[in-house]
Amino acid sequence: MGSKKIPVYIDHYDDTIQDLYGSKSGDKRKYYELSYEEARTEYYRFWSSENWEKSSKDLRIGLWLDNAMFGNLHIFVIDFDDFDEESHFFKEAHRLADKVTRSKSGGYHMFYGVDRKKAEPLFDSINLLTSENAAGFVCKYAAPSLDKANKVDMFCDVGHFIYEWEPWDNTIGLTDKTQELYQLINENFDLPRPMSGGKGKRASGKGGKSYAMLEELSEGELLQQMSVEQREVFADLERTKSPHWKQKAWISVGIDIFHVFGADLGGKVFLFWSKPGKTFQPQSCANTWDYICEIGPDKELYDNHWVDIIRNTRNALDIDEAEIKSAVQAPEPEAQVSLPLEDDTSAALEETTTAEPTFRDLPIAWENVTTEEDGTQRTGHWIVWNGNRSKREAFFKLAFPDQYNKVKKRVKFLEQAADDVLRLTGGQRTKLMYEILAWKYELEEVSEQDSFDLIHLCQREEDNKTADDLLARLYWPNGLAKLVTFGVGMKLDGAAQHTWCYSVDYQENRAVFTGKAMTWECWQK
């Protein structure tokens with residue numbers, strides 16, 4: 001589902017709308033795989049919840065085109081943004097389409113069925129396929145028709161959201177339009193050959209392993225896909241960021257690219273920026289971008305200049321103001337794994353994402369037990385490690401016996417602050433309390449490997465709110481040290497009566513939360 005063309009999902013834990021970043025290979029992949037009927041059920045369930053009145057009420061169910069099929073036919077979409085309804089191509093495309101819908105921006109989405117096996121040689125002959133480096137089948141942005149009357153995007157079997165303004169009618173099927181579609185596009189477009197770099201859709205690494213390559217685009221092709229603000233960030237990237245930096249800074253810049261450009265366009269920008277690097281390797285770059293897409297949603301945009309550019313409008317990505325650090329010298333985010341550019345990292349990354357979790361070289365796992373009491377099902381989440389089966393806090397006491405909850409202090413907000421703090425989200429309240437204590441008291445020293453092992457443990461979990469909550473806290477700056485020093489379960493409950501807009505400035509000795517006025521015109525953007 002999407003609001004303001006930003007992918008979101010409904011969090012069952014508290015019936016809230018959360019941003020859906022990452023990709024189908026990330027920890028939120030189940031939300032990309034919902035059927036239309038399942039997504040509609042989720043939508044109406046949320047519509048009946050108490051949080052509906054607090055939401056934007058502007059949710060729409062989106063179609064994720066990666067392997068989207070009707071029977072044995074792939075769904076081919078032509079997205080018209082600039083069009084002339086009286087032009088020959090528009091009329092023929094409309095006549096040929098099995099299904100036509102209007103987009104939120106007032107354009108048209110036209111849907112067709114294609115037989116991929118028959119389509120590949122035909123589409124290849126007119127340069128319609130994506131670059132050979134890309135995993136997608138068809139992905140053309142801003143292609144102008146020969147008469148300049150229309151400019152369209154074309155998608156098929158590629159990781160991309162299509163946002164519908166009107167309900168989808170599943171009773172309307174698709175028929176095989178492969179040949180007709182080929183002829184129509186061939187007659188009305190002159191498409192340049194995509195850049196390929198001479199490699200296949202998948203390249204081979206050491207040991208014969210294959211890995212997905214990023215799509216290589218020219219600077220002009222990248223700029224065509226960017227908003228005004230993204231172009232300004234892109235210019236600053238080329239001007240001020242060196243691709244020759246070491247791995248830690250390289251990943252840090254990659255995370256910032258992810259937040260400004262998203263997973264799809266961001267990967268192309270990351271490749272373009274990284275390629276001139278002295279130790280650049282295509283495989284390392286592609287694998288590192290996959291890693292960035294996994295951790296990016298839980299990181300923050302650290303480049304203050306980019307924050308200022310994006311803050312002016314929201315045409316790039318709707319970055320939550322409350323999650324942006326605007327300190328003058330924001331710390332560089334710590335890389336979670338070693339990713340030297342000059343080394344082949346595919347095996348290491350594959351091992352990181354697929355190997356069974358360990359903690360201090362011992363196996364560790366979640367054990368989720370569902371019981372029923374008085375007709376109500378309850379699920380308990382336990383951590384099994386070193387011969388013990390423990391709840392989250394008991395595990396921390398076991399793992400850090402001489403350090404856990406060393407500082408037995410809690411934050412209490414008084415007078416007006418007690419009301420003001422309820423204007424923040426629950427996650428921000430919790431983060432603020434730990435920040436206050438960390439400013440006043442010295443943190444216990446913890447191992448970076450311990451932190452990485454626990455993050456890996458939680459990343460693999462699905463439908464485990466305890467793991468999700470722990471993961472969010474581990475991603476804070478000095479997250480594990482804060483949990484060990486002050487205890488793992490600190491939080492401040494309480495529902496705010498309104499939806500508040502604010503920005504936060506974390507400074508050396510204080511955090512300043514500032515209310516932000518929002519007009520209807522600003523929301524509409």
Side-chain angles (χ1 to χ4, degrees), residues 2-8 19 21 56 58 62 79-83 103-109 139-145 148 150-155 160-163 165 192 214-241 243 253-274 289 292-293 296-297 300-326 330 501 503 516-525:
S3 173
K4 294 180 285 184
K5 285 200 170 182
I6 298 165
V8 298
D19 290 346
Y21 291 128
S56 67
D58 192 20
D79 180 359
F80 286 81
D81 288 324
D82 297 329
F83 54 88
S103 67
K104 184 177 178 181
S105 61
Y108 287 85
H109 293 157
C139 186
K140 279 288 183 288
Y141 285 94
S145 57
K148 309 300 182 186
N150 302 279
K151 184 178 287 187
V152 301
D153 300 333
M154 291 179 272
F155 305 106
H160 188 86
F161 276 106
I162 295 290
Y163 302 99
W165 186 245
L214 294 170
E215 184 178 3
E216 182 178 347
L217 298 180
S218 67
E219 182 172 356
E221 290 171 317
L222 288 172
L223 291 174
Q224 281 186 350
Q225 300 180 29
M226 296 180 190
S227 68
V228 174
E229 292 73 29
Q230 287 173 325
R231 290 181 182 183
E232 188 175 346
V233 170
F234 183 73
D236 187 75
L237 170 69
E238 291 191 282
R239 185 173 59 250
T240 65
K241 314 292 185 188
V253 173
I255 291 171
D256 282 353
I257 289 173
F258 172 87
H259 277 288
V260 174
F261 297 95
D264 182 29
L265 179 57
K268 300 165 191 172
V269 172
F270 186 64
L271 172 62
F272 181 88
W273 170 73
S274 298
W289 185 251
I292 288 170
C293 286
E300 298 171 345
L301 177 55
Y302 277 83
D303 189 293
N304 297 314
H305 182 47
W306 292 11
V307 169
D308 291 338
I309 294 171
I310 299 301
R311 185 176 281 159
N312 291 331
T313 68
R314 288 296 182 231
N315 290 338
L317 286 176
D318 188 24
I319 301 170
D320 184 354
E321 293 281 351
E323 293 299 324
I324 296 176
K325 270 197 173 180
S326 52
C501 302
S503 62
K516 187 174 181 65
M518 294 290 280
T519 63
W520 288 117
E521 290 79 9
C522 192
W523 277 112
Q524 190 176 29
K525 288 180 182 179

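Position 1 is the first residue of the sequence; numbering continues from there.
Residues M226 and V269 are in side-chain contact: their nearest non-hydrogen atoms beyond the backbone lie under 4.5 Å apart.
Atoms CD1 and CG, from I255 and D303 in turn, are 12.5 Å apart once rounded to the nearest 0.5 Å.
With sequence neighbours excluded, the residues forming a side chain to side chain donor-acceptor pair (under 3.5 Å) with D236 are R239, T240, W306, listed by chain and number. Annotation: side chain to side chain donor-acceptor pair (under 3.5 Å) contacts of N150 (sequence neighbours excluded): S87. Residues passing the side chain to side chain contact (heavy atoms under 4.5 Å, CB included) test with E238 are E219, F234, F272, sequence neighbours excluded.
Considering L237, V260, I309 as possible partners of E232, the one that fulfils the side chain to side chain contact (heavy atoms under 4.5 Å, CB included) test is I309.
In this structure, W273 contributes its side chain and K241 its backbone to a donor-acceptor pair below 3.5 Å.
The two residues H109 and D79 make their nearest non-hydrogen contact at CD2-OD1, 3.3 Å. Scanning all heavy atoms of the two residues, the minimum distance from K268 to Q225 falls at NZ-OE1, 3.6 Å.
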side-chain contact (heavy atoms from CB on, under 4.5 Å) between L265 and L222, worked out: CA-CA 8 Å; L265 179 57; L222 288 172; 4.1 Å; yes

Decide yes or no on side-chain contact (heavy atoms from CB on, under 4.5 Å) for F270 and F258, but give the supporting numbers first. CA-CA 9 Å; F270 186 64; F258 172 87; over 6 Å; no

